[in-house]
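Read through the structure below, which is laid out as structure tokens, and then see the notes.
For the numbers below, each heavy atom of this structure counts, side chains included, while hydrogens, waters and symmetry mates do not.
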Amino acid sequence: MAEYLASIFGTEKDKVNCSFYFKIGACRHGDRCSRLHNKPTFSQTIVLLNLYRNPQNTAQTADGSHCHVSDVEVQEHYDNFFEEVFTELQEKYGEIEEMNVCDNLGDHLVGNVYVKFRREEDAERAVAELNNRWFNGQAVHAELSPVTDFRESCCRQYEMGECTRGGFCNFMHLRPISRNLRRQLYGRGPRRRSPPRSQASHRPRERNRRRSPDHRHGRF
């Protein structure tokens, strides 16, 4: 019996524990969910809740009407955001294996930033310190996340351009960074780890990309 319960833990067959929370670290039902959300006491991964704001969803003119933002401007804005968050977290807390940002629209996923550190101790320290910080005018809400394998968390249909649920899909729609930024942060290969902390702190950061004055970012 114990072996069977262990084999179905966090799956759809598990009637006690929430499979969505186990896979993606979030659930659209929140505290009202009928199944348990087992929050980890240790993990390599943290989530910064609702931290990224897509300017296409939030940009407004002075009279409150929606302001058009081009896809090129959005990608520049996103790359700047990603670089700033990644670099600062790695310099302050330790080596990052990967960082992913949700482009979903559902309240439980919108703007979530998942950061997987190489060491669990670094993740724990980051959560403790970041919850006392502000970023871009908003309080940071950080917690340890059960997500370790993002292949199980992301929407495969979205990756193939076939998701019919759009931004309200319950699986992660991970927004990609530009190829140049990926090389800069992760090295030549897409799965290579970032340089050790001692090297990262001395590496010059690229500052020649144009930054939109309407979408500046804050620091932690």
Side-chain angles (χ1 to χ4, degrees), residues 10 17-18 20-33 36-55 57-58 77-150 152-154 167 170-177 181 185-186 193-194 197 200-201 205 215-220:
N17 303 287
C18 177
F20 270 105
Y21 183 79
F22 182 73
K23 286 182 179 179
I24 65 176
C27 170
R28 65 188 177 93
H29 298 295
D31 294 336
R32 300 187 306 275
C33 184
L36 294 178
H37 292 178
N38 290 295
K39 296 191 175 184
T41 56
F42 56 88
S43 175
Q44 289 175 259
T45 307
I46 71 171
V47 57
L48 308 175
L49 300 170
N50 313 126
L51 189 70
Y52 172 65
R53 295 180 178 178
N54 187 327
N57 301 331
T58 60
H77 172 273
Y78 177 65
D79 279 354
N80 290 332
F81 167 87
F82 194 102
E83 179 188 5
E84 184 167 1
V85 173
F86 184 103
T87 304
E88 187 159 350
L89 293 183
Q90 180 159 263
E91 288 177 353
K92 287 185 176 179
Y93 303 112
E95 183 181 347
I96 293 173
E97 289 193 355
E98 64 179 305
M99 182 171 118
N100 294 293
V101 180
C102 289
D103 207 21
N104 302 64
L105 295 176
D107 290 342
H108 62 302
L109 285 175
V110 60
N112 284 1
V113 177
Y114 292 83
V115 185
K116 184 179 179 181
F117 289 91
R118 186 175 67 84
R119 302 194 313 165
E120 291 175 351
E121 310 92 274
D122 295 337
E124 184 178 7
R125 186 163 62 92
V127 167
E129 294 186 12
L130 288 171
N131 275 315
N132 296 317
R133 308 293 291 276
W134 288 71
F135 181 86
N136 199 25
Q138 60 179 322
V140 176
H141 299 287
E143 59 185 48
L144 294 174
S145 172
V147 179
T148 54
D149 187 350
F150 289 92
E152 294 294 322
S153 309
C154 63
N170 284 320
F171 286 94
M172 293 182 187
H173 286 190
L174 300 180
R175 187 174 185 90
I177 55 176
L181 182 58
L185 298 178
Y186 293 106
R193 291 179 177 175
S194 306
R197 194 175 182 182
S201 60
R205 294 175 61 188
H215 305 300
R216 294 189 181 95
H217 300 297
R219 295 180 66 82
F220 288 109

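In terms of heavy-atom proximity, C102 sits nearest to L174 at SG-CD2, 4.3 Å. In terms of heavy-atom proximity, T148 sits nearest to T45 at CA-OG1, 4.3 Å. Of all non-hydrogen atoms in A26 and L109, the two that sit nearest each other are CB-CD2, 3.9 Å. Scanning both residues, G94 and D122, for their nearest heavy atoms gives CA-OD2, 3.7 Å. Across all their heavy atoms, C27 and C18 have their closest contact at SG-SG, 3.9 Å. When all heavy atoms of I24 and M172 are compared, the pair lying nearest together is O-CE, 3.6 Å.
In this view, N100 and E98 satisfy the side chain to side chain donor-acceptor pair (under 3.5 Å) rule, not counting sequence neighbours. Every residue two or more places apart in sequence or in another chain that forms a side chain to side chain donor-acceptor pair (under 3.5 Å) with E129 is listed here: Y93. Not a single salt bridge (Lys or Arg N to Asp or Glu O under 4.0 Å) links R28 to another residue, sequence neighbours left out. In this structure E120 satisfies the side chain to side chain donor-acceptor pair (under 3.5 Å) test with no other residue, sequence neighbours excluded. For N132, there are no side chain to side chain donor-acceptor pair (under 3.5 Å) partners, not counting sequence neighbours. Applying the salt bridge (Lys or Arg N to Asp or Glu O under 4.0 Å) rule to D149 yields the partners R151; only residues at least two apart in sequence or on another chain are considered.
Expressed to the nearest 0.5 Å, how far CG of L144 lies from CD1 of I46 amounts to 8.0 Å.
With contacts defined as side-chain heavy-atom distances shorter than 4.5 Å, the pair H173/L105 does not qualify. Here the side chains of T87 and L185 are in contact, with some heavy-atom distance below 4.5 Å. Counting heavy atoms from C-beta on, the side chains of H141 and N50 never come closer than 4.5 Å. By the 4.5 Å heavy-atom criterion applied to side chains, Y21 and C33 are not counted as neighbours. Within the 4.5 Å cutoff, side-chain heavy atoms of L89 are placed close to those of L48. Side-chain contact between E95 and R119 is absent, with no heavy atoms from C-beta onward closer than 4.5 Å. Using a 4.5 Å heavy-atom threshold, the side chains of K116 and M99 count as separate. Taking 4.5 Å as the limit, every side-chain heavy atom of F22 sits out of range of all side-chain heavy atoms of V147.
Formation of a donor-acceptor pair under 3.5 Å by the S43 side chain with backbone atoms of S145 is found in this model. Judged by distance alone, with hydrogens and angles left aside, the side-chain atoms of N112 form a donor-acceptor pair with the main-chain N or O of H108 at under 3.5 Å. The main-chain N or O of V127 is never found under 3.5 Å from a side-chain atom of E143 such that the two would form a donor-acceptor pair.
Note: Y52 and Y78 meet the aromatic proximity criterion, with ring centroids under 6.0 Å apart. The six-membered or imidazole ring of F81 lies away from that of F86, with a centre-to-centre distance of 6.0 Å or more.
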Step-by-step side chain to side chain contact (heavy atoms under 4.5 Å, CB included) determination, R125 to K92:
CA-CA 10 Å; R125 186 163 62 92; K92 287 185 176 179; 5.9 Å; no
Would V115 and Q90 count as a side chain to side chain contact (heavy atoms under 4.5 Å, CB included) if you check the C-alpha gap in whole Å, the side-chain angles of each, and the deciding distance to 0.1 Å?
CA-CA 10 Å; V115 185; Q90 180 159 263; over 6 Å; no
Determine, stepwise, if the pair W134 / V140 fulfils side chain to side chain contact (heavy atoms under 4.5 Å, CB included).
CA-CA 5 Å; W134 288 71; V140 176; 5.6 Å; no
Step by step, would you call V85 with V101 a side chain to side chain contact (heavy atoms under 4.5 Å, CB included)?
CA-CA 11 Å; V85 173; V101 180; over 6 Å; no
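The neighbour count for D107 CG, taken as heavy atoms of other residues, nucleotides or ligands under 6.0 Å away, does not exceed 12.
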